[in-house]
Chemist: 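Please read through the structure below; I'll follow up with questions.
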Amino acid sequence: MLIFAPLSLEGCGKMFESSASPDDSATPSASADLQPCPSRIEVELPYGEGAVLVKAYRTEDKQITLCRTPDDILYYYGEFTGRPETGIAMPAQETSDGFTAENTPYHYEIHGYTVTVTRNGALIGEEGLTVEPSPR
């Protein structure tokens, strides 16, 4: 939800303590459009030059951006809205209804219009997502 400066493990878990309403007009599937990954995020991805935007979401106070690098590696980049210094990137996988990413001991799962965060398997947060055409 996931590098400028890595967050402490406690900080990663605290990224998901609020909730937001989903936007029912948006689709959770990966975009067919090949828009570039935002440059401020692209530079934080290993071998990210030329990465493309796969999907962008927001919650009440967080931004989640998924980008795929030219070598076909998907990354989940999460940050607090308007606070890029909180950003963290991690490898991600596409699932049948969303995405997953791991920043041990945290696990992030986007399914439908919800992001769920667990720590060592225990639920620590769940938030509604709004799909965005491109991150702010």
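Excluded from the calculations below are hydrogen atoms, water molecules and symmetry mates; all remaining heavy atoms, backbone and side chain alike, are included.
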Chemist: Where do P70 and A51 come nearest, in terms of heavy atoms and distance?
Modeler: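 Answer, listing the atom of P70 first, then A51: CD-N, 4.0 Å.
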Chemist: Disulfide (SG to SG under 2.5 Å): which pairs involve residues 77-114, sequence neighbours left out?
Modeler: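 Non-adjacent pairs meeting disulfide (SG to SG under 2.5 Å): zero.
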Chemist: So, using salt bridge (Lys or Arg N to Asp or Glu O under 4.0 Å) as the criterion, who are the partners of D71 when residues are at least two apart?
Modeler: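 Per chain and number, D71 pairs via salt bridge (Lys or Arg N to Asp or Glu O under 4.0 Å) with no residue.
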Chemist: Testing the basics here: between E44 and Y77, what is the closest heavy-atom pair and its distance to 0.1 Å?
Modeler: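 Taking every non-hydrogen atom into account, CB-CE1, 4.0 Å.
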Chemist: Would you list the pairs meeting disulfide (SG to SG under 2.5 Å) in which at least one residue belongs to residues 94-126, sequence neighbours left out?
Modeler: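 Every candidate disulfide (SG to SG under 2.5 Å) pair involving residues 94-126 fails, so no pair, neighbours aside, qualifies.
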Chemist: Applying disulfide (SG to SG under 2.5 Å) as the test, list every pair that has at least one member in residues 58-131; sequence neighbours left out.
Modeler: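 Listed once each, the pairs are C37-C67.
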Chemist: Quick check against the 3.5 Å criterion: does T86 have a side-chain atom that pairs as donor or acceptor with the backbone of F80?
Modeler: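 Judged by distance alone, yes, a pair lies under 3.5 Å.
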Chemist: Is any side-chain heavy atom of V54 closer than 4.5 Å to a side-chain heavy atom of F99?
Modeler: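 SC-SC contact between V54 and F99 confirmed.
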Chemist: What I'd like to find out is whether the side chain of I64 reaches to under 4.5 Å of the side chain of I110, using heavy atoms alone.
Modeler: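 Answer yes - side chains close enough.
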Chemist: May I ask you to decide if I73's main-chain N or O and T69's side chain share a donor-acceptor pair within less than 3.5 Å?
Modeler: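 Present.
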Chemist: Can you tell which of E109, E127, E126 makes a side chain to side chain donor-acceptor pair (under 3.5 Å) with T116?
Modeler: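 Testing each of E109, E127, E126 against T116, the sole residue satisfying side chain to side chain donor-acceptor pair (under 3.5 Å) is E126.
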Chemist: Would you say Y75 and P91 make side-chain contact, with heavy atoms under 4.5 Å?
Modeler: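 Of all side-chain heavy-atom pairs linking P91 with Y75, at least one is under 4.5 Å.
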Chemist: Minimum heavy-atom separation for R68 to L74, with atom names?
Modeler: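 Residues R68 and L74, closest heavy atoms: NH1-CB, 3.8 Å.
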Chemist: Checking E42 side chain against G50 main chain: does a donor-acceptor pair fall under 3.5 Å?
Modeler: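 Flag set: sc E42 to bb G50 pair under 3.5 Å.
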Chemist: Report yes if the side chains of V117 and L123 come closer than 4.5 Å at any heavy-atom pair, otherwise no.
Modeler: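 Side chain of V117 against side chain of L123, heavy atoms only: no contact under 4.5 Å found.
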Chemist: Which atoms form the tightest heavy-atom contact between P38 and L53, and what is the distance?
Modeler: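 Nearest pair, atom of P38 first, then L53: CD-CD1, 4.4 Å.
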Chemist: Go through the structure and list residues passing side chain to side chain contact (heavy atoms under 4.5 Å, CB included) with E102, not counting sequence neighbours.
Modeler: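 Applying side chain to side chain contact (heavy atoms under 4.5 Å, CB included) to E102 gives T104, H107.
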Chemist: Any chance you could measure L129, atom CG, to E60, atom CD, to the nearest 0.5 Å?
Modeler: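 One finds 12.5 Å between CG of L129 and CD of E60.
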Chemist: For R58 and E79, run salt bridge (Lys or Arg N to Asp or Glu O under 4.0 Å): C-alpha distance rounded to whole Å, both residues' side-chain angles, the deciding distance at 0.1 Å, then the answer.
Modeler: CA-CA 10 Å; R58 67 178 163 82; E79 63 188 313; over 6 Å; no
Chemist: With a 6.0 Å cut-off (strictly less than), is the heavy-atom count around CD of E49, excluding the residue itself, greater than 12?
Modeler: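 No, not enclosed.
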Chemist: Strictly below 4.0 Å, N to O, side chains only: are E94 and K55 in salt-bridge contact?
Modeler: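 No, E94 and K55 are not salt-bridged.
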Chemist: Under the disulfide (SG to SG under 2.5 Å) definition, can you give me all pairs with a residue in residues 76-115, not counting sequence neighbours?
Modeler: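 Matches after skipping sequence neighbours: none remain.
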Chemist: So which atom in V43 and which in R40 form the shortest heavy-atom distance, rounded to 0.1 Å?
Modeler: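 Shortest heavy-atom contact: CG2-O, 3.5 Å.
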